[in-house]
Amino acid sequence: MSITKTYDPKIAEEKWYAHWLEKGYFNSVPDDREPFTVVIPPPNVTGVLHMGHMLNNTIQDVLIRRARMQGKNACWVPGTDHASIATEAKVVQKLKSEGLNKTDLTRDEFLSHAFEWKDKHGGIILEQLKKLGASCDWDRTQFTMDEDYSESVFDVFVDLFNKGKIYRGVRMVNWDPDALTAVSDEEVLHKEVNSKLFYVRYKVEDTQDEWITVATTRPETIFGDTAICVNPKDDRYKNLHGKRIHVPLTDRTIPVVTDEYVDVEFGTGCLKITPAHDINDYEIGVKHNLDNINVFNDNGTLNAYGLHYEGVDRFEVRKGIEKELNEKGYLIKVEDHQNKVGYSERTNAVIEPKLSLQWFVNMKELAEPALENVMNGKIQFHPSKFKNTYRHWMENIKDWCISRQLWWGHRIPAFYYGKGTNDFVVAKSIDEAVKFASEKLGKSVQTEDLRQDEDVLDTWFSSWLWPISVFDGLTKPNNNEIKYYYPTNDLVTAPEIMFFWVARMIMAGYEYLDELPFKNVYFTGIVRDKLGRKMSKSLGNSPDPIDLIHKFGADGVRVGVLISSPAGNDLPFDTSQCEQGRNFSNKIWNAFRLISSWEVKDIEQPSSSAIAIEWFTNKFQKTLAELNELYDNYKISEALMVSYKLVWDDFCSWYLEIIKPGYQHPIDRKTLEQSITIFNDILKVLHPFMPFVTEEIWHQLSDQNEDLVVSCWPQVSGFDAHLLTSFSGAADIVSSIRNIRKQQNIGGKVKLELYYSGKYSGSREFTSMIRKMANLSVFEATVEKIGNSNGFIVDGIQFYVPFGDAVDVKAERTKLEQELDYSKGFLVSVQKKLGNERFVNSAPATVVENEKKKQADTLLKISLIEEKLSNLN
RNA sequence: GGGCUAUUAACUCAGUUGGUUUAGAGUGUCACCUUGACAGGGUGGAAGUCACUGGUUCGAAUCCAGUAUAGCCCA
């Protein structure tokens, strides 16, 4: 049976994923083993896989697969998030394309459309994750709006309300006029934009012709002005204190107030105050007891206060009012101006600050343990630089607005029985609400007397419970699963959602289980394109991950995304990295193909093979120890690179070349068997990165009782450092001879002679290997100096390769002179150090010793080169 | 405006508590080789004032200060 020349991922991937599922390897139930738990950052239920997911989930899978092989009870819980605002926006859009407006539907009608959409598109992303090889326990798949899950959300709401940590209040919120909802501070993106600064004059009351000029970027809000504010220290305006001012285009007058807040330098030093439409104005308004005039409708058009602009969008009004102010002589001038404007992350609408009645969580107490336990290292951040950002946010935390004016999500479990601010009860169900309301009112209340709050909860108010609720930790406290799997081990996520999600999960963990939710947080970077732009659907610069998998194989893509993405660093992604990954798959495949192609015979094992096996076994042990350490420090990218080099350089370029029998010659049984053992160990350490190709080779290479996915991670047993050093000395000799062949244009098939002077012992055990790899006919000591030869020095031993017919003395001389220059320069730097008395006196003895040894070695080397040069003619 | 982080080869990154080399790797690039495991492989080479300026030290890519540039977070 011939093996294909290249690895074909398609067949292996389908076959093995199905097999793993069938065997239930990814399923976990609590047992005696140590648990290793990861909860997936639940993607949007209607989302599709993008490169960010690829990176994130590949890392999780690598961690989970390794833990599984280490004999831990690995449990990776998948699921999806209802993502209220994003999903609702999609559904609204879809309905619009069918000619349906959300406003024409009842809540129930809308929700049935939404669920229909969810059932159709929901979970696509989970299917895509399977293509990537994700070894999640699919039986545990959860959705944040599942019944049990929702119950825990309501439980928490009720509990926090009863503890006084949830309250209802009028606050300035970020209003998204497109989505018609409040959004949290974190969902607002501030962008620098070019705008205009309008200088508008206001007439002072009871004067003939006295005016003051106000600079504003938002002239459409003058209908909401309720004061003019100046700095009390500003001499220019002292005469205005206590006066009243006419608001242009209206018949209203407003007071002049003074406040230090006003920047004397900015604009005219005269500020119009519109408390309903600016957070700073609002605060001044509260301080000076000013009215709030809201001039906007929820959709961003002006209301009746806007007079003849009623019903017109605010940006249209801005244009119109500029014209009108100008015509009526109020507009003094217009300047170009740069300022920052908030945009909705979801709809990209310009956010309007708006006063409204919303639900809030008081964060102060919740934040305390969450901050403390990250700072003291109980919860580790990788990389740790994110601790600073985290601390900064947690120390300045603000209350969390959790109500959203949407329908898709967990409806706020507050039930109103009257119009008063406090005429409501909070309860898990309508039945409970009836009971509580009856108690509160002291009379019987019926279901139909109660009206549930129209709003839903912020999505993060459900996902902050994710690590607890996927194990029913709130609805069934102290159940076996929560006790066994919680706290989870590693969380892999993007730094962008550190506050939305990570911080809040930590808070929920301490509030509800008095325990951290996870021990380690691995922050991935942002996946960017070649131009450094974030990969996003809207830019259209993101390749479809599934296409990539078709082209390069899942293993190739996994390697591609991991190869250059250290924790916390952005990943500048290019498909050439997947190509590298695919080539790596092929390299491994061909190593397998080579070994399989050999005919076995019961012949004697060559000593070069015996030593190669000994060397590689030690090399593998050394690398394994390195790998384990890199994993422990979450240096996944580096671990991959170390594995890559182990396979490509050590295994393929050295080991296999050493043991490879001559063309059409058989191999001895012992070497073949030991090589298979070695290869199997390599497959094990590669498996977390490249699950499919390794499983495929594992089964084809030798008979196996078990599958690689559940095999044991190799044991660390130590290594012989001396042997490894000797090998690299031997490898240096081989390289040097290859170099000579290259310089002298001597083909690889021409046998060469190699002589050495002095005591050569360093790499003695590798003599046979050197003879084979360098293709030598002679390798022995000599007492005479050999003049006409190429030479090199390894470990202080002079080696000679006598010239054949083709002699290039000149080239040899040049080479030696270069080497001499370098060595002399090096000697100078070493001697400079040693000549410095203060160095010799203050540096540690070992360091000084080392410098002395360097000096001696270099002196020897220089004398050897000089001697060589003088012998050359 | 405030805070954080970074700046090492063409690109992407290592460089552990300052001291195994006049700084390493992968990719790319260049030269040569290759009917023979490898949509390629092998061998070898070139390529860096470690952003800049000072300081601490016997010794700085590494520690400190300042400057410049970039990114992120917050307002």
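Chain letters run A, B, ... following the sequence lines, proteins first, then strands; residues in each count from 1.
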- Query: Which word best sums up how the rings of A/Phe381 and A/Tyr390 line up, parallel for under 30°, tilted for 30 to 60°, or perpendicular for over 60°?
  - Reply: perpendicular
- Parallel, tilted or perpendicular: which describes the rings of A/Trp589 and A/Tyr7, with under 30° parallel and over 60° perpendicular? tilted
- A/Lys622 atom NZ, neighbour heavy-atom count above 12 within 6.0 Å: no
- When you compare B/C63 with B/G18, how far apart are their P atoms, in angstrom units rounded to a whole number? 8 Å
- Query: Which atom names give the shortest non-hydrogen contact between A/Ser608 and A/Ile658, and what distance separates them?
  - Reply: O-CG2, 3.6 Å
- Item | Atom pair CD1/CG of A/Ile506 and A/Leu371 - distance to nearest 0.5 Å | 9.5 Å
- Query: Quick one: is B/G42 close enough that its OP1 or OP2 comes under 4.0 Å of any side-chain N or O from A/Ser653?
  - Reply: yes
- Between the base of B/A37 and the side chain of A/Ser597, is there any donor-acceptor pair under 3.5 Å? no
- Note on the structure: Taking B/C38, B/G15, B/A25 as options, the one with an atom nearest any side-chain atom of A/Lys635 is B/G15
- Which nucleotide in B/C38, B/G15, B/C74 has an atom nearest any side-chain atom of A/Lys587: B/C38
- Note on the structure: Closest to the side chain of A/Thr389, out of B/A39, B/C73, B/A37, is B/C73
- When you compare B/G41 with B/U27, how far apart are their P atoms, in angstrom units rounded to a whole number? 9 Å
- P-based separation of B/U49 from B/A10 [nearest Å]: 8 Å
- Between A/Tyr7 and B/A39, does any side-chain N or O lie under 4.0 Å from OP1 or OP2? no
- Residue A/Arg738, side-chain heavy atoms: nucleotide from B/U43, B/G2, B/G45 that is nearest: B/U43
- Message: Taking B/A23 as the reference, what is the distance to B/U34 when you measure between their P atoms (whole Å, please)?
- Response: 35 Å
- For atom C1', what is the distance between B/U5 and B/A47, given to the nearest Å? 29 Å
- Contact under 4.0 Å: A/Arg593 side-chain N or O vs B/G41 OP1/OP2: no
- Does OP1 or OP2 of B/G41 have a side-chain N or O of A/Asn586 closer than 4.0 Å? no
- Message: Can you tell me which nucleotide in B/A37, B/U43, B/U27 comes closest to the side chain of A/Asn590?
- Response: B/A37
- Query: Which word best sums up how the rings of A/Tyr522 and A/Tyr634 line up, parallel for under 30°, tilted for 30 to 60°, or perpendicular for over 60°?
  - Reply: tilted
- Message: Rounded to whole Å, please give me the gap between CZ in A/Arg741 and C1' in B/G42.
- Response: 13 Å
- Separation of the P atoms in B/A60 and B/G19, to the nearest angstrom: 11 Å
- Note on the structure: Across every strand shown, the nucleotide meeting Watson-Crick or G-U wobble geometry with B/C13 (both distances under 3.5 Å) is B/G24
- Is there a Watson-Crick or G-U wobble partner for B/G71 with both distances under 3.5 Å, and if so, which one is it? B/C4
- Item | Distance between P atoms of B/U8 and B/A14 (Å, rounded) | 11 Å
- Query: Below 4.0 angstrom from OP1 or OP2 of B/G40, is there any side-chain N or O of A/Asn583?
  - Reply: yes
- Taking OH from A/Tyr634 and C1' from B/C13, how many angstroms apart are they, rounded to a whole number? 22 Å
- Message: Both distances below 3.5 Å, Watson-Crick or wobble geometry, any strand: find the nucleotide opposite B/A37.
- Response: none
- With rounding to whole Å, what would you report as the distance between B/G26 and B/U62 at their C1' atoms? 23 Å
- Identify the nucleotide, in any strand shown, that forms a Watson-Crick or G-U wobble pair with B/U43, with both distances under 3.5 Å; if there is none, say none. B/A31
- Scan A/Trp648 against the nucleic acid and name what it touches under 4.0 Å (heavy atoms): base, sugar-phosphate only, or nothing. sugar-phosphate
- Query: In terms of side-chain heavy atoms of A/Asn388, which of B/G40, B/U5, B/G41 is nearest?
  - Reply: B/U5
